[in-house]
Amino acid sequence: MNSGNTFRIGVLGSGRGSNFVAIADAIAAGAIPAQVALVLSDVEGAGILEHAQKRNLPARFVAPGKFRTKLDEDAERTFVEALQSAKVDLIVLAGFMRVLKGDFLRAFEGRIVNIHPSLLPSFPGLEAWKQALDHGVKVTGCTVHFVDAGVDSGAIIGQQTVPVLDDDTPETLHARIHAAEHELYPKCVATLARREIAVRGRRVVRKKS
Ligand code: GAR
């Protein structure tokens with residue numbers, strides 16, 4: 001862990017990186033007392049890497065290995081070593097589309113967070129906005145949660161609701177959820193960077209000052 005003063009964030013993403021941009025912008029605006037220490041992607045040329053490079057933040061692609069939904073052993077070791085060398089206090093998953101397993105989780109226990117495009121525990125897994133539309137719910141949203149060994153099952157840090165409209169398509173609903181994510185994720189990361197929250201079993205609560 002980082003022994004200096006600045007709270008150091010490692011960001012993992014596989015896609016276009018709009019949540020990373022929201023967090024990086026919030027840091028630049030002084031709304032999150034932290035710095036991005038490293039951005040890693042399992043996808044070569046991913047938008048998230050380009051956004052990081054444009055901001056002169058350390059960023060690199062790490063080949064994920066032979067599996068489709070998780071990192072292989074070598075890749076996992078490379079991710080863990082890179083994040084440890086960068087002395088990260090928190091790992092922020094921003095559209096990272098692989099499940100993290102044992103050694104990775106043990107190396108950063110209680111220090112990995114994720115954003116998911118539904119109101120968990122409803123609709124874990126892939127294309128959660130489409131699951132919500134298919135199910136016919138009238139309200140969905142997004143959830144920031146700690147990462148544990150399950151799929152989208154860790155303790156919930158924050159949630160934001162989004163209405164489902166009668167004429168929504170998967171694309172329009174996903175866009176509305178994305179916009180909510182860009183508000184919720186920086187707020188949650190700020191509470192973590194300020195060490196304002198405590199975990200009591202499954203409940204994440206504000207520390208009493
Ligand atoms: C976001 O909608 C995020 O909730 C989702 O991927 C998208 C990434 O967008 N993550 C998951 O579904 C994880 N299970 P971004 O690359 O523009 O931030």
Side-chain angles (χ1 to χ4, degrees), residues 9-28 32 36 38-55 57 59-62 64 67-71 79 90-101 104-105 112-135 137 139-164 168-190:
I9 296 175
V11 184
L12 270 51
S14 310
R16 66 181 218 205
S18 67
N19 279 287
F20 162 68
V21 167
I23 290 167
D25 285 352
I27 290 174
I32 304 176
V36 175
L38 182 62
V39 177
L40 295 176
S41 181
D42 58 325
V43 176
E44 204 162 13
I48 191 169
L49 292 176
E50 287 175 22
H51 284 299
Q53 282 148 5
K54 258 189 244 152
R55 288 170 163 72
L57 295 168
R60 65 187 257 228
F61 159 68
V62 177
F67 303 115
R68 209 169 44 82
T69 58
K70 61 177 185 175
L71 300 171
F79 268 81
L90 181 74
I91 296 172
V92 170
L93 305 186
F96 189 66
M97 300 314 279
R98 287 172 194 269
V99 180
L100 296 171
K101 299 282 184 184
F104 194 112
L105 297 179
I112 311 172
V113 296
N114 180 43
I115 189 152
H116 182 77
S118 75
L119 294 177
L120 291 170
S122 291
F123 314 127
L126 294 177
E127 298 192 322
W129 61 91
K130 195 163 176 300
Q131 295 184 52
L133 206 53
D134 290 347
H135 194 92
V137 295
V139 176
T140 184
C142 51
T143 302
V144 174
H145 63 94
F146 283 106
V147 173
D148 64 10
V151 175
D152 303 320
S153 58
I156 291 172
I157 300 166
Q159 294 186 300
Q160 189 156 322
T161 58
V162 166
V164 181
D168 261 335
T169 63
E171 292 72 30
T172 58
L173 181 56
H174 192 199
R176 200 174 307 114
I177 293 172
H178 242 130
E181 291 182 339
H182 301 157
E183 292 176 17
L184 179 68
Y185 216 177
K187 278 189 211 155
C188 291
V189 172

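When a ligand or atom number is given, it counts from 1 through the structure's own listing order.
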Got the closest protein heavy atom to [atom], with its distance?
atom: atom 2 (O) of ligand 1; value: Glu181 OE1, 2.9 Å
atom: atom 9 (O) of ligand 1; value: His178 NE2, 3.0 Å
atom: atom 10 (N) of ligand 1; value: Ile115 O, 3.6 Å
atom: atom 12 (O) of ligand 1; value: Pro117 CD, 3.5 Å
atom: atom 6 (O) of ligand 1; value: Gly95 CA, 3.6 Å

Do [X] and [Y] make a side-chain contact, defined as non-hydrogen atoms from C-beta onward lying under 4.5 Å apart?
X: Asn19; Y: His182; value: yes
X: Val92; Y: Ile23; value: yes
X: Arg55; Y: His51; value: yes
X: Ile27; Y: Ile9; value: yes

Considering the heavy atoms of [X], write down every atom of ligand 1 situated less than 4.0 Å from one of them.
X: Arg16; answer: 16 (O), 17 (O)
X: His174; answer: 2 (O)
X: Ser18; answer: 15 (P), 16 (O), 17 (O), 18 (O)

* Aromatic rings His174 and Trp129: how do their planes relate, parallel, tilted or perpendicular, breaks at 30° and 60°? ->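 Correct class here is parallel.
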* To do: Spell out, as yes or no, whether a donor-acceptor pair under 3.5 Å connects the side chain of Asn114 to the backbone of Val147.
  =>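 Absent.
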* Quick one: does Asn19 get an N or O within less than 3.5 Å of an N or O on ligand 1? ->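 Yes - when backbone and side-chain N and O of Asn19 are compared with those of ligand 1, one distance drops under 3.5 Å.
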* Hey, could you give me the OG/CG distance between Ser118 and Leu173, rounded to the nearest 0.5 Å? =>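 Ser118 OG to Leu173 CG: 10.5 Å, rounded to 0.5 Å.
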* Within less than 4.0 angstrom of ligand 1, does Gly17 place any heavy atom? ->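 The answer is yes, since Gly17 has a heavy atom less than 4.0 Å from ligand 1.
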* Closest heavy-atom contact between Ser14 and Ser41? ->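 Shortest heavy-atom contact: CA-OG, 3.9 Å.
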* Asked: For atom 14 (N) of ligand 1, which of His116, His51, Arg98, Glu127 has the closest heavy atom?
  ->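 Ranked by closest heavy atom to atom 14 (N) of ligand 1, first place is His116.
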